[in-house]
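Have a look at the structure below before the remarks.
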There are 2 protein chains.
Amino acid sequence: MLGAPIACSARTLSLLTIALKSRWSCAILFRMQIVSSIAAMSRLAKKWQRAGTKIGFVPTMGYLHAGHMSLVREARKRVCQGGKVVVSIYVNPTQFSPTEDLSKYPRDLKRDLKLCRAEGADVIFTPTDAEIYPNRQNQKSEIGNRKSFSTYVVEEKLSQSMEGASRPTHFRGVTTVVAKLFNIVLPDVAVFGQKDFQQAAVIQRMVADLNFPLKIIIAPTTRERDGLAMSSRNKYLDAEQRAQAVILFHALQAAKAAVKTKSVSASRLKADLKEFLTAAPLGRLDYVEFFDPETLEPVAQVGQGTQMALAVFFGKTRLIDNARL
Amino acid sequence: MLGAPIACSARTLSLLTIALKSRWSCAILFRMQIVSSIAAMSRLAKKWQRAGTKIGFVPTMGYLHAGHMSLVREARKRVCQGGKVVVSIYVNPTQFSPTEDLSKYPRDLKRDLKLCRAEGADVIFTPTDAEIYPNRQNQKSEIGNRKSFSTYVVEEKLSQSMEGASRPTHFRGVTTVVAKLFNIVLPDVAVFGQKDFQQAAVIQRMVADLNFPLKIIIAPTTRERDGLAMSSRNKYLDAEQRAQAVILFHALQAAKAAVKTKSVSASRLKADLKEFLTAAPLGRLDYVEFFDPETLEPVAQVGQGTQMALAVFFGKTRLIDNARL
């Protein structure tokens with residue numbers, strides 16, 4: 001546990017030395033709180049805020065992997081010594097459509113807690129559906145329900161293409177739950193992964209548009225040895241699918257190579273990549289797009305600096321990846 | 001100025017005595033800041049927050065009257081001594097439809113500042129459209145604009161009837177700008193007027209749903225001597241319209257009297273009130289509704305505790321009022 005790459009200050013190190021000498025339990029030094037109620041999390045955040053303690057925040061859906069852990073390390077780095085790192089674990093129902101994998105989305109809280117503890121997170125926030133969306137029901141049937149949930153945050157431009165086109169209610173769920181979590185956890189800094197490139201762009205736009213008093217950090221994608229982007233959904237893949245799934249990464253590499261010395265028309269490059277993807281016969285392309293990394297507007301001509309993103313189904317599992325070319 | 005009804009603490013009073021004895025200028029004691037940039041307001045709010053200073057907030061569209069001043073007093077009361085009261089003055093374009101009175105909405109900043117100063121407000125926040133909605137344009141034409149505004153907060157249930165039905169994009173504009181102002185001003189308490197009953201209900205729902213870390217206070221409607229609810233829009237009325245406008249208040253009184261001893265069917269009471277309103281021939285009824293004060297759901301049977309709201313046009317001027325029966 002102590003070997004985890006935490007950015008230790010001199011003060012932390014000296015405390016550590018004292019602790020080890022006096023045979024305190026390391027668990028006391030790195031005591032991690034698990035908070036489930038919104039009221040308790042909110043009280044804690046307000047207490048820290050009053051004390052001038054910086055708060056770093058990593059919102060997740062759990063089933064954590066090395067990619068999430070890199071976000072926790074980034075949050076720790078940003079809040080420095082004396083700061084607090086909060087990781088939320090919440091599988092947010094509003095970002096899944098009725099046909100998607102909400103009920104079978106992988107969960108393993110015990111393992112998640114162990115990973116977060118090893119990384120030195122201060123608080124794990126695990127709210128319940130009942131508290132996050134009180135009495136959320138079908139819009140028609142909830143009439144007359146005094147406490148039913150009815151407010152959403154919607155981003156109307158960057159959220160329309162790619163993931164938004166394939167999953168029409170997805171980003172509305174993301175922006176709504178992230179706005180809620182920001183108001184509960186009161187972070188100074190929140191860290192999101194580059195793997196969900198469009199999500200990161202939508203969140204940044206929301207924070208700017210609604211003037212959330214915090215800074216968003218986008219941390220690089222963590223990859224398996226062969227290049228596959230880490231994702232909780234990789235768990236769904238069988239051995240053969242897993243072997244072929246690296247095609248997403250290879251497609252990004254191929255596109256990078258194609259535009260290394262000259263720009264190429266997007267339609268031509270798309271056609272070439274479709275051909276390229278046939279090397280993974282278990283994969284079924286959902287989309288491949290070339291776009292401006294800030295506006296997410298498609299470009300006709302692909303060159304260096306263009307952003308590429310793609311989504312590929314393996315069975316029912318949908319994998320995404322992206323890169324700046 | 002010193003005669004203004006400020007809830008003075010003992011400490012404030014003793015400071016005041018010292019100040020007067022030492023011939024300090026009262027202007028120093030009650031120095032009011034006028035802040036226009038979002039960054040400056042945000043810095044100030046964060047500074048107060050770090051210092052543990054309570055922040056009371058009154059969002060307005062300016063052209064202030066005694067009703068607004070009662071909200072400022074309420075905010076002062078809530079943050080007690082040492083707290084800060086911020087009044088925002090911003091005519092929010094997104095809550096007006098293209099056919100409404102945005103461009104001719106009354107403005108008088110000089111007079112507003114004088115009133116706020118007299119009431120002991122600490123900061124007047126007067127942001128610009130350019131900062132609140134950077135490059136907001138027609139949804140189609142803004143494509144490609146990197147900094148264009150595209151995130152909205154929408155309440156989908158309480159906002160549908162009455163004002164929401166008469167002014168379809170109104171509440172989306174209200175919730176969006178209020179969410180922004182909350183994130184900039186970081187209030188502990190925000191005060192809204194009971195006159196805009198549905199707005200207050202929608203804002204309270206938004207604060208609960210999105211977990212804004214603040215408390216909403218609804219302050220009672222301030223009325224002219226004859227009973228007309230104070231409103232910046234009363235200015236639009238000519239003498240004859242003004243004389244007849246009191247019919248809204250009288251209609252509320254009549255409905256109260258009608259349900260004093262027995263409940264009455266809503267359709268019957270509506271018919272009676274339409275008849276009653278013909279006493280003001282310059283008025284044209286937009287709606288009169290009887291509903292549950294929490295869910296805003298219409299009731300079939302009107303009794304004590306039912307909420308009533310109505311909107312009446314006088315020329316192009318639309319007046320609203322409401323009461324708990």
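Nothing here was measured: the structure is a model prediction, and the numbers come from that model. Values below: every heavy atom of this structure, side chains too, minus hydrogens, waters and symmetry copies. Chain naming here is simple, since letters A, B, ... match the order of the sequence lines and numbering starts at 1 in each.
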With a 4.5 Å cut-off on heavy-atom pairs, point out which of B:Leu214, B:Thr151, B:Ile132 contacts chain A the most.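 It is B:Thr151.
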Looking only at heavy atoms and a cut-off of under 4.5 Å, which of B:Pro213, B:Ala208, B:Gly52, B:Ala51 has the most pairs with chain A?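 The option with the most such pairs is B:Pro213.
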Hey, which of A:Gln49, A:Lys46, A:Met206 has the most heavy atom pairs under 4.5 Å with chain B?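 The residue among A:Gln49, A:Lys46, A:Met206 with the greatest pair count is A:Gln49.
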In terms of heavy-atom pairs under 4.5 Å, which option from A:Leu181, A:Leu210, A:Val177, A:Val153 contacts chain B the most?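 The candidate making the most pairs under 4.5 Å is A:Leu210.
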Going by side-chain hydrogen bond (donor to acceptor under 3.5 Å, both in side chains), A:Ser150 matches just one of B:Lys157, B:Glu155, B:Glu156. Which one?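 Single pass found, and it is B:Glu155.
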B:Ile38 versus chain A, heavy atoms under 4.5 Å apart: side chain, backbone, both or neither?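 For B:Ile38, the side chain is the part near chain A, not the backbone.
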At a heavy-atom separation under 4.5 Å, does B:Leu186 approach chain A through its side chain, its backbone, both, or neither?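 Just the side chain, heavy atoms under 4.5 Å.
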Please report the shortest heavy-atom distance between B:Asn211 and A:Asn183, naming the atom on each side.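 That closest heavy-atom pairing would be O-CB, 3.0 Å.
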